[in-house]
Amino acid sequence: MRDKLEDFVSEHRDEFDVFEPRPDLWQNICQEIPAPEKEAKVINIKFGERASFSADFLFMRIAAAVVLLLGCGLTLFLMKQNAPDANTMMAASQQQVISNIAPEIVEVEAYYVSEIEEMKGELSEYDKKILGLSGQKEIDRELARLDSSYMQLKKQLYTTPNTEEIVEAMVQNLQIRIEVLNRQLEVLQNIKKMEKTINAELKENETTNI
Amino acid sequence: METISYQDVNSQVIDKCKEGDNRAQYELYKLYSKAMFNVSMRITNDYSEAEDVLQEAFISAFKNLHTYKGEASFGSWLKKIVVNAAINAIRKRRSELVPMDERTIGDIAEETYDDDSEWKVEKVRKAIMKLPDGYRVVLSLYLLEGFDHAEIGDILGVTESTSKSQYSRAKKKLLEIMKEPQFAV
(Lines give C-alpha, C1' and ligand atoms only; values in the text may rest on other atoms or scores of the structure.)
Protein backbone atom coordinates (compact mmCIF):
# COMPACT_ATOMS: atom_id res chain seq x y z
CA MET A 1 0.00 0.00 0.00
CA ARG A 2 1.41 3.34 -0.94
CA ASP A 3 1.12 6.09 1.55
CA LYS A 4 0.22 9.69 1.12
CA LEU A 5 3.66 11.11 1.65
CA GLU A 6 5.11 8.85 -1.01
CA ASP A 7 2.36 9.73 -3.42
CA PHE A 8 2.81 13.40 -2.76
CA VAL A 9 6.55 13.25 -3.34
CA SER A 10 6.37 11.20 -6.49
CA GLU A 11 3.75 13.54 -7.86
CA HIS A 12 5.93 16.56 -7.30
CA ARG A 13 9.30 14.88 -7.68
CA ASP A 14 10.78 17.45 -10.07
CA GLU A 15 9.92 20.36 -7.84
CA PHE A 16 12.19 18.99 -5.14
CA ASP A 17 15.29 19.70 -7.19
CA VAL A 18 15.72 23.35 -6.36
CA PHE A 19 19.47 23.71 -6.08
CA GLU A 20 21.95 24.48 -8.81
CA PRO A 21 25.70 24.02 -8.60
CA ARG A 22 27.73 27.11 -9.34
CA PRO A 23 28.27 27.42 -13.07
CA ASP A 24 32.06 27.37 -13.07
CA LEU A 25 32.27 24.04 -11.26
CA TRP A 26 32.70 22.36 -14.61
CA GLN A 27 36.08 24.07 -15.02
CA ASN A 28 37.36 22.33 -11.90
CA ILE A 29 36.04 18.98 -13.02
CA CYS A 30 37.32 19.43 -16.52
CA GLN A 31 40.84 20.04 -15.32
CA GLU A 32 40.96 16.86 -13.32
CA ILE A 33 39.63 14.46 -15.88
CA PRO A 34 42.59 12.47 -17.07
CA ALA A 35 43.45 12.57 -20.73
CA PRO A 36 42.15 9.53 -22.54
CA GLU A 37 44.49 6.64 -22.34
CA LYS A 38 44.91 4.49 -25.32
CA GLU A 39 43.56 1.21 -24.22
CA ALA A 40 46.34 -1.28 -24.12
CA LYS A 41 45.42 -4.32 -26.07
CA VAL A 42 46.53 -7.51 -24.46
CA ILE A 43 46.56 -10.49 -26.64
CA ASN A 44 45.88 -13.58 -24.71
CA ILE A 45 46.88 -16.79 -26.24
CA LYS A 46 45.50 -19.75 -24.47
CA PHE A 47 47.10 -23.06 -24.89
CA GLY A 48 44.52 -24.92 -22.89
CA GLU A 49 45.93 -28.20 -21.73
CA ARG A 50 49.44 -27.22 -22.66
CA ALA A 51 49.54 -24.34 -20.24
CA SER A 52 53.05 -25.28 -19.24
CA PHE A 53 54.17 -24.27 -22.71
CA SER A 54 54.43 -20.64 -21.70
CA ALA A 55 56.52 -21.45 -18.65
CA ASP A 56 58.88 -23.68 -20.63
CA PHE A 57 59.46 -21.09 -23.23
CA LEU A 58 59.73 -18.20 -20.85
CA PHE A 59 63.47 -18.07 -21.21
CA MET A 60 63.24 -18.18 -24.99
CA ARG A 61 60.71 -15.38 -24.98
CA ILE A 62 62.89 -13.15 -22.90
CA ALA A 63 65.87 -13.91 -25.11
CA ALA A 64 63.84 -13.10 -28.22
CA ALA A 65 62.71 -9.83 -26.70
CA VAL A 66 66.26 -8.84 -25.83
CA VAL A 67 67.49 -9.62 -29.33
CA LEU A 68 64.64 -7.64 -30.84
CA LEU A 69 65.28 -4.64 -28.62
CA LEU A 70 68.99 -4.68 -29.37
CA GLY A 71 68.29 -4.88 -33.08
CA CYS A 72 65.85 -2.00 -32.99
CA GLY A 73 68.19 0.09 -30.91
CA LEU A 74 71.05 -0.51 -33.28
CA THR A 75 69.07 0.35 -36.40
CA LEU A 76 67.72 3.48 -34.79
CA PHE A 77 71.19 4.50 -33.74
CA LEU A 78 72.58 3.98 -37.21
CA MET A 79 69.69 5.82 -38.82
CA LYS A 80 70.16 8.77 -36.52
CA GLN A 81 73.78 8.98 -37.44
CA ASN A 82 73.11 8.96 -41.14
CA ALA A 83 70.03 11.09 -41.41
CA PRO A 84 69.77 14.73 -40.33
CA ASP A 85 67.45 15.44 -37.47
CA ALA A 86 64.02 14.24 -38.47
CA ASN A 87 62.21 16.91 -36.52
CA THR A 88 63.83 19.85 -38.21
CA MET A 89 63.23 18.21 -41.54
CA MET A 90 59.55 17.83 -40.80
CA ALA A 91 59.21 21.42 -39.68
CA ALA A 92 61.03 22.64 -42.73
CA SER A 93 58.90 20.65 -45.11
CA GLN A 94 55.75 21.84 -43.32
CA GLN A 95 56.84 25.41 -43.72
CA GLN A 96 57.44 24.68 -47.37
CA VAL A 97 53.93 23.33 -47.80
CA ILE A 98 52.42 26.33 -46.11
CA SER A 99 54.35 28.72 -48.30
CA ASN A 100 52.91 26.87 -51.28
CA ILE A 101 49.35 27.06 -50.00
CA ALA A 102 49.35 30.56 -48.64
CA PRO A 103 52.63 32.37 -49.28
CA GLU A 104 51.48 35.58 -47.64
CA ILE A 105 50.90 34.03 -44.21
CA VAL A 106 54.56 33.09 -43.78
CA GLU A 107 55.67 36.68 -43.87
CA VAL A 108 52.74 37.97 -41.88
CA GLU A 109 53.28 35.37 -39.22
CA ALA A 110 56.97 36.18 -38.92
CA TYR A 111 56.18 39.86 -38.55
CA TYR A 112 53.54 39.41 -35.87
CA VAL A 113 55.51 36.82 -33.96
CA SER A 114 58.49 39.15 -33.66
CA GLU A 115 56.11 41.94 -32.63
CA ILE A 116 54.49 39.73 -29.98
CA GLU A 117 57.86 38.60 -28.66
CA GLU A 118 58.97 42.18 -28.34
CA MET A 119 55.85 43.14 -26.40
CA LYS A 120 56.21 40.15 -24.14
CA GLY A 121 59.76 41.28 -23.45
CA GLU A 122 58.53 44.74 -22.54
CA LEU A 123 55.86 43.27 -20.32
CA SER A 124 58.28 41.11 -18.45
CA GLU A 125 60.18 44.20 -17.37
CA TYR A 126 57.27 45.08 -15.13
CA ASP A 127 56.99 43.19 -11.96
CA LYS A 128 53.35 42.28 -12.08
CA LYS A 129 53.13 41.00 -8.56
CA ILE A 130 54.48 44.16 -7.02
CA LEU A 131 52.14 46.27 -9.10
CA GLY A 132 49.30 44.15 -7.86
CA LEU A 133 47.94 43.34 -11.25
CA SER A 134 45.16 40.89 -10.90
CA GLY A 135 43.80 38.96 -13.81
CA GLN A 136 47.21 37.96 -15.10
CA LYS A 137 46.07 34.38 -15.08
CA GLU A 138 43.08 35.22 -17.22
CA ILE A 139 45.27 37.00 -19.71
CA ASP A 140 47.63 34.06 -19.86
CA ARG A 141 44.72 31.74 -20.36
CA GLU A 142 43.30 33.92 -23.08
CA LEU A 143 46.65 33.96 -24.87
CA ALA A 144 46.94 30.22 -24.57
CA ARG A 145 43.46 29.84 -25.98
CA LEU A 146 44.33 32.07 -28.90
CA ASP A 147 47.49 30.10 -29.47
CA SER A 148 45.66 26.80 -29.61
CA SER A 149 43.01 28.09 -31.97
CA TYR A 150 45.79 29.43 -34.14
CA MET A 151 47.34 26.00 -34.31
CA GLN A 152 44.00 24.59 -35.31
CA LEU A 153 43.61 27.14 -38.06
CA LYS A 154 47.07 26.32 -39.28
CA LYS A 155 46.16 22.66 -39.51
CA GLN A 156 43.02 23.52 -41.40
CA LEU A 157 45.11 25.31 -43.97
CA TYR A 158 46.26 21.97 -45.34
CA THR A 159 42.81 20.70 -45.97
CA THR A 160 40.55 23.62 -46.63
CA PRO A 161 39.74 24.74 -50.15
CA ASN A 162 39.10 28.26 -48.91
CA THR A 163 42.53 29.34 -47.73
CA GLU A 164 41.70 33.01 -47.84
CA GLU A 165 39.19 32.78 -45.05
CA ILE A 166 41.53 30.79 -42.86
CA VAL A 167 44.42 33.14 -43.48
CA GLU A 168 42.20 36.04 -42.57
CA ALA A 169 41.20 34.32 -39.34
CA MET A 170 44.84 33.62 -38.57
CA VAL A 171 45.81 37.24 -39.07
CA GLN A 172 42.89 38.30 -36.92
CA ASN A 173 44.02 35.91 -34.22
CA LEU A 174 47.48 37.46 -34.23
CA GLN A 175 46.03 40.95 -34.12
CA ILE A 176 43.86 40.09 -31.14
CA ARG A 177 46.94 38.88 -29.32
CA ILE A 178 48.72 42.15 -30.02
CA GLU A 179 45.64 43.99 -28.82
CA VAL A 180 45.53 41.99 -25.57
CA LEU A 181 49.20 42.60 -24.90
CA ASN A 182 48.85 46.27 -25.79
CA ARG A 183 46.05 46.69 -23.30
CA GLN A 184 48.04 45.03 -20.62
CA LEU A 185 51.02 47.19 -21.34
CA GLU A 186 48.85 50.27 -21.14
CA VAL A 187 47.43 49.21 -17.81
CA LEU A 188 50.89 48.61 -16.44
CA GLN A 189 52.14 51.94 -17.70
CA ASN A 190 49.21 53.70 -16.09
CA ILE A 191 49.88 52.00 -12.79
CA LYS A 192 53.53 52.98 -12.97
CA LYS A 193 52.58 56.56 -13.73
CA MET A 194 50.12 56.70 -10.89
CA GLU A 195 52.69 55.33 -8.52
CA LYS A 196 55.16 57.96 -9.60
CA THR A 197 52.75 60.83 -9.05
CA ILE A 198 51.72 59.44 -5.68
CA ASN A 199 55.33 59.14 -4.66
CA ALA A 200 56.05 62.67 -5.85
CA GLU A 201 53.10 64.01 -3.92
CA LEU A 202 54.21 62.16 -0.82
CA LYS A 203 57.64 63.68 -1.09
CA GLU A 204 56.20 67.11 -1.60
CA ASN A 205 54.03 66.69 1.46
CA GLU A 206 57.01 65.60 3.47
CA THR A 207 59.06 68.59 2.50
CA THR A 208 56.23 71.01 3.18
CA ASN A 209 55.60 69.42 6.54
CA ILE A 210 59.19 69.85 7.54
CA MET B 1 21.86 -16.32 -20.72
CA GLU B 2 21.42 -13.16 -22.69
CA THR B 3 21.90 -9.96 -20.81
CA ILE B 4 19.56 -7.21 -21.72
CA SER B 5 21.57 -4.08 -22.12
CA TYR B 6 19.74 -0.92 -21.29
CA GLN B 7 19.20 1.20 -24.36
CA ASP B 8 20.31 4.57 -23.12
CA VAL B 9 19.38 7.70 -24.94
CA ASN B 10 22.85 8.97 -24.21
CA SER B 11 24.73 5.94 -25.42
CA GLN B 12 26.32 7.86 -28.27
CA VAL B 13 27.41 10.66 -25.99
CA ILE B 14 28.73 8.14 -23.51
CA ASP B 15 30.75 6.38 -26.19
CA LYS B 16 32.31 9.69 -27.12
CA CYS B 17 33.11 10.36 -23.48
CA LYS B 18 34.88 7.04 -23.28
CA GLU B 19 37.11 8.26 -26.06
CA GLY B 20 37.87 11.31 -23.97
CA ASP B 21 35.83 13.78 -26.00
CA ASN B 22 35.64 16.94 -23.90
CA ARG B 23 32.52 18.29 -25.49
CA ALA B 24 30.64 15.05 -24.91
CA GLN B 25 31.75 15.07 -21.30
CA TYR B 26 30.40 18.57 -20.88
CA GLU B 27 27.15 17.51 -22.48
CA LEU B 28 26.71 14.72 -19.97
CA TYR B 29 27.61 17.09 -17.17
CA LYS B 30 25.04 19.62 -18.30
CA LEU B 31 22.45 16.90 -18.52
CA TYR B 32 22.98 15.45 -15.08
CA SER B 33 24.70 18.02 -12.90
CA LYS B 34 21.57 19.64 -11.54
CA ALA B 35 19.80 16.42 -10.57
CA MET B 36 23.00 14.99 -9.13
CA PHE B 37 23.73 18.15 -7.23
CA ASN B 38 20.34 17.92 -5.59
CA VAL B 39 20.96 14.31 -4.65
CA SER B 40 24.22 15.40 -3.09
CA MET B 41 22.59 18.37 -1.38
CA ARG B 42 19.91 16.21 0.22
CA ILE B 43 22.48 13.88 1.70
CA THR B 44 25.12 16.36 2.81
CA ASN B 45 22.77 19.26 3.60
CA ASP B 46 25.65 21.63 2.94
CA TYR B 47 26.16 23.62 -0.22
CA SER B 48 29.93 23.59 -0.49
CA GLU B 49 30.19 20.00 0.61
CA ALA B 50 27.59 19.07 -1.97
CA GLU B 51 29.70 20.78 -4.62
CA ASP B 52 32.82 18.94 -3.56
CA VAL B 53 30.90 15.70 -3.75
CA LEU B 54 29.55 16.54 -7.17
CA GLN B 55 33.01 17.33 -8.44
CA GLU B 56 34.52 14.20 -6.98
CA ALA B 57 31.69 12.05 -8.30
CA PHE B 58 31.89 13.38 -11.85
CA ILE B 59 35.65 13.00 -11.97
CA SER B 60 35.45 9.45 -10.73
CA ALA B 61 32.60 8.72 -13.13
CA PHE B 62 34.62 9.91 -16.11
CA LYS B 63 37.65 8.01 -14.92
CA ASN B 64 35.67 4.82 -14.52
CA LEU B 65 33.39 5.21 -17.47
CA HIS B 66 34.84 2.10 -19.05
CA THR B 67 33.27 0.06 -16.26
CA TYR B 68 29.83 1.30 -17.25
CA LYS B 69 28.48 -1.39 -19.52
CA GLY B 70 24.97 -0.13 -19.92
CA GLU B 71 23.33 -2.64 -17.61
CA ALA B 72 21.38 0.20 -16.00
CA SER B 73 20.54 3.68 -17.16
CA PHE B 74 23.48 6.03 -17.04
CA GLY B 75 21.58 8.26 -14.65
CA SER B 76 21.18 5.58 -12.04
CA TRP B 77 24.78 4.46 -12.46
CA LEU B 78 25.93 8.01 -11.87
CA LYS B 79 23.52 8.46 -9.00
CA LYS B 80 25.07 5.51 -7.17
CA ILE B 81 28.47 7.16 -7.45
CA VAL B 82 27.12 10.47 -6.18
CA VAL B 83 25.29 8.84 -3.29
CA ASN B 84 28.37 6.92 -2.21
CA ALA B 85 30.59 9.97 -2.44
CA ALA B 86 28.08 12.03 -0.45
CA ILE B 87 27.78 9.41 2.25
CA ASN B 88 31.54 9.15 2.51
CA ALA B 89 31.66 12.90 2.91
CA ILE B 90 29.26 13.02 5.83
CA ARG B 91 30.86 9.96 7.39
CA LYS B 92 34.10 11.89 7.40
CA ARG B 93 32.60 14.73 9.32
CA ARG B 94 30.59 12.66 11.75
CA SER B 95 31.54 9.51 13.55
CA GLU B 96 28.36 7.62 12.97
CA LEU B 97 25.86 8.28 10.28
CA VAL B 98 22.98 6.14 11.35
CA PRO B 99 22.83 5.50 15.06
CA MET B 100 20.62 2.57 14.46
CA ASP B 101 18.98 0.82 17.29
CA GLU B 102 17.55 -2.37 16.07
CA ARG B 103 13.98 -1.78 17.08
CA THR B 104 11.51 -3.17 14.64
CA ILE B 105 8.86 -1.24 12.86
CA GLY B 106 6.17 -2.74 15.04
CA ASP B 107 6.60 -0.41 17.95
CA ILE B 108 6.17 2.69 15.91
CA ALA B 109 2.62 3.81 15.66
CA GLU B 110 1.15 4.34 12.25
CA GLU B 111 1.39 7.95 11.28
CA THR B 112 -1.68 10.00 10.98
CA TYR B 113 -1.92 12.59 8.33
CA ASP B 114 -4.42 15.03 9.73
CA ASP B 115 -3.49 18.12 7.78
CA ASP B 116 -2.13 16.73 4.57
CA SER B 117 -4.25 19.08 2.55
CA GLU B 118 -1.77 21.83 3.34
CA TRP B 119 1.30 20.08 2.04
CA LYS B 120 3.44 22.12 -0.20
CA VAL B 121 6.64 21.02 -1.87
CA GLU B 122 8.61 23.82 -0.26
CA LYS B 123 7.33 22.90 3.16
CA VAL B 124 8.10 19.21 2.81
CA ARG B 125 11.51 19.97 1.34
CA LYS B 126 12.49 22.32 4.15
CA ALA B 127 11.24 19.87 6.74
CA ILE B 128 13.42 17.14 5.20
CA MET B 129 16.43 19.43 5.46
CA LYS B 130 15.70 19.87 9.18
CA LEU B 131 15.88 16.14 9.86
CA PRO B 132 18.97 14.82 11.59
CA ASP B 133 21.51 13.28 9.19
CA GLY B 134 20.62 9.65 9.79
CA TYR B 135 16.95 10.22 9.20
CA ARG B 136 17.40 12.58 6.30
CA VAL B 137 19.67 10.24 4.38
CA VAL B 138 17.41 7.20 4.64
CA LEU B 139 14.29 9.19 3.91
CA SER B 140 15.81 10.96 0.92
CA LEU B 141 17.25 7.79 -0.53
CA TYR B 142 13.92 6.01 -0.27
CA LEU B 143 11.45 8.75 -0.96
CA LEU B 144 13.28 10.89 -3.50
CA GLU B 145 16.07 8.86 -5.03
CA GLY B 146 13.96 5.78 -5.51
CA PHE B 147 16.19 3.19 -3.83
CA ASP B 148 14.50 0.29 -2.11
CA HIS B 149 15.33 -0.73 1.44
CA ALA B 150 17.61 -3.56 0.36
CA GLU B 151 19.68 -1.13 -1.71
CA ILE B 152 19.74 1.44 1.07
CA GLY B 153 20.92 -1.28 3.44
CA ASP B 154 23.76 -2.06 1.04
CA ILE B 155 24.73 1.57 0.67
CA LEU B 156 24.73 2.28 4.39
CA GLY B 157 26.02 -1.08 5.51
CA VAL B 158 22.95 -1.99 7.55
CA THR B 159 20.24 -4.57 7.17
CA GLU B 160 17.14 -4.10 5.12
CA SER B 161 14.90 -4.13 8.18
CA THR B 162 17.02 -1.47 9.87
CA SER B 163 16.58 0.71 6.85
CA LYS B 164 12.84 0.11 6.99
CA SER B 165 12.50 1.03 10.62
CA GLN B 166 14.80 3.99 10.25
CA TYR B 167 12.64 5.19 7.40
CA SER B 168 9.47 4.87 9.48
CA ARG B 169 10.99 6.88 12.25
CA ALA B 170 12.28 9.47 9.85
CA LYS B 171 8.84 9.84 8.36
CA LYS B 172 7.28 10.24 11.75
CA LYS B 173 9.83 12.88 12.67
CA LEU B 174 9.22 14.65 9.38
CA LEU B 175 5.52 14.91 10.05
CA GLU B 176 6.24 16.25 13.52
CA ILE B 177 8.51 18.90 12.11
CA MET B 178 5.87 19.94 9.66
CA LYS B 179 3.41 20.39 12.49
CA GLU B 180 5.71 22.79 14.31
CA PRO B 181 4.28 26.29 14.46
CA GLN B 182 7.05 27.90 12.43
CA PHE B 183 6.26 25.46 9.68
CA ALA B 184 2.59 26.37 9.49
CA VAL B 185 3.15 28.68 6.58
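In the text below, chain A, chain B and the rest are named by the order of the sequence lines, each starting its count at 1.
Listed options A:Glu11, A:His12, A:Arg13 were ranked by heavy-atom pairs under 4.5 angstrom with chain B; first place goes to A:Arg13.
Using the six-membered ring where Trp is involved, B:Tyr29 and A:Trp26 have ring planes that are tilted, between 30° and 60° apart.
For B:Glu176, the CD atom sits in a packed shell: over 12 heavy atoms of surrounding residues, nucleotides or ligands are nearer than 6.0 Å. Atom CD of A:Glu104 has more than 12 heavy atoms from other residues, nucleotides or ligands within 6.0 Å. For A:Gln189, the CD atom is densely surrounded, since the number of other residues' heavy atoms within 6.0 Å is greater than 12. Atom NZ of B:Lys34 has more than 12 heavy atoms from other residues, nucleotides or ligands within 6.0 Å.
Once rounded to the nearest 0.5 Å, the distance linking OH of B:Tyr47 with CD of A:Glu20 reads 8.0 Å. The CD atom of B:Glu56 sits 13.5 Å away from atom CG of A:Asn28, with the distance rounded to the nearest 0.5 Å. Atom CG in B:Leu139 sits 6.5 Å away from atom CG in A:Leu5 (nearest 0.5 Å). Here CZ of B:Phe62 is found 9.0 Å from SG of A:Cys30. Values are rounded to the nearest 0.5 Å. Of the inter-residue distances, the one linking B:Leu143 atom CG with A:Phe16 atom CZ reads 7.0 Å to the nearest 0.5 angstrom. Here the OG-CD1 distance, from B:Ser33 to A:Ile29, works out to 8.0 Å after rounding to the nearest 0.5 Å.
When every heavy atom of A:Asp17 is checked against every heavy atom of B:Ala35, the shortest pair comes out as OD2-CA, 3.8 Å.
Using a 4.5 Å heavy-atom threshold, the side chains of A:Val18 and B:Val121 count as separate. Looking at heavy atoms from C-beta onward, B:Tyr142 lies in side-chain contact with A:Glu6 at the 4.5 angstrom threshold.
With hydrogens and angles disregarded, a donor-acceptor distance shorter than 3.5 Å links the side chain of B:Glu51 to the backbone of A:Arg22.
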